[in-house]
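Okay, so here's the structure we're looking at.
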Amino acid sequence: MRDILLQAAGMGAIAVAIFHGIVGETKVFAKATIEPPRLRLLLRLIWQCGTIAWIAGGVLLVAAPSMQSDTARHWIVVTMVMTYLAAAIGNAIAMRGRHVGWVAMAAVCAFAVAGY
């Protein structure tokens, strides 16, 4: 059961990351007026760095049960929970709780801790 919960956390992390990337491109940057164009490109690329990092973390959470290493499992879970928890808290504070992102990231944390 622990492995399934950890893999569910990983799949949730990947889903949140993909949603983050799509929303960034279709809602945030599609409407934003950022000049000069180089700065706009830089901000878009930085935005997507978070997306890629969260996908990578999700992949690690999915793969952790098959690694046969309690140490690897421990550090993957701890690192990803800290990362997603920081993002969830930041999102909740910045958006005053009116954004579903912090709930989704907190759910990833809960599943990862339950699967630890």
(Q) Pair D3, R73 - check side-chain contact (heavy atoms from CB on, under 4.5 Å), show working. (A) CA-CA 10 Å; D3 293 348; R73 183 185 190 111; 2.9 Å; yes

Q: State plainly whether one hydrophobic cluster holds both W75 and M80, where clusters connect Ile, Leu, Val, Met, Phe, Trp and Tyr through side-chain heavy atoms under 4.5 angstrom apart.
A: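 No, it is not one cluster - the side chains of W75 and M80 are not joined through contacts under 4.5 Å.
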
**Q.** Co-membership, hydrophobic cluster, residues W47 and L39, 4.5 Å side-chain
**A.**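 Per the 4.5 Å side-chain linkage, W47 and L39 are co-clustered.
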
Table please: side-chain donor-acceptor pairs of residues 14-21 below 3.5 Å, with sequence neighbours left out.
{"from": "H20", "atom 1": "ND1", "to": "T51", "atom 2": "OG1", "distance (Å)": "2.8"}

Q) Near M67 CE, under 6.0 Å, is it more than 12 heavy atoms from other residues, nucleotides or ligands? A)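 Count over threshold, so yes.
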
Q) Any sub-3.5 Å donor-acceptor pair from R40's side-chain atoms to F29's backbone N or O? A)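 Yes, R40 side chain to F29 backbone: donor-acceptor pair under 3.5 Å.
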
(Q) Quick one, F111 and Q7 - any side-chain contact, counting heavy atoms below 4.5 Å? (A)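 A side-chain contact under 4.5 Å is absent here.
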
Closest contact, heavy atoms only, [X] versus [Y]:
X: S66; Y: A63; value: OG-O, 2.8 Å
X: A112; Y: V81; value: CB-CG2, 3.6 Å
X: M105; Y: A88; value: CB-CB, 3.8 Å
X: A13; Y: V108; value: N-CG2, 3.6 Å
X: G10; Y: L61; value: CA-CB, 3.6 Å

Rounded to the nearest 0.5 Å, how far apart are [atom1] of [X] and [atom2] of [Y]?
X: R38; Y: L43; atom1: CZ; atom2: CG; result: 12.0 Å
X: D70; Y: Y116; atom1: CG; atom2: OH; result: 8.5 Å
X: I55; Y: L60; atom1: CD1; atom2: CG; result: 12.5 Å

Q.
For R44, give me all partners under salt bridge (Lys or Arg N to Asp or Glu O under 4.0 Å), at least two apart in sequence or on another chain.
A.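 R44 satisfies salt bridge (Lys or Arg N to Asp or Glu O under 4.0 Å) with E25 once adjacent residues are dropped.
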
Q) I93 and W102: side-chain contact (heavy atoms from CB on, under 4.5 Å), yes or no, with the steps? A) CA-CA 9 Å; I93 291 169; W102 75 269; over 6 Å; no

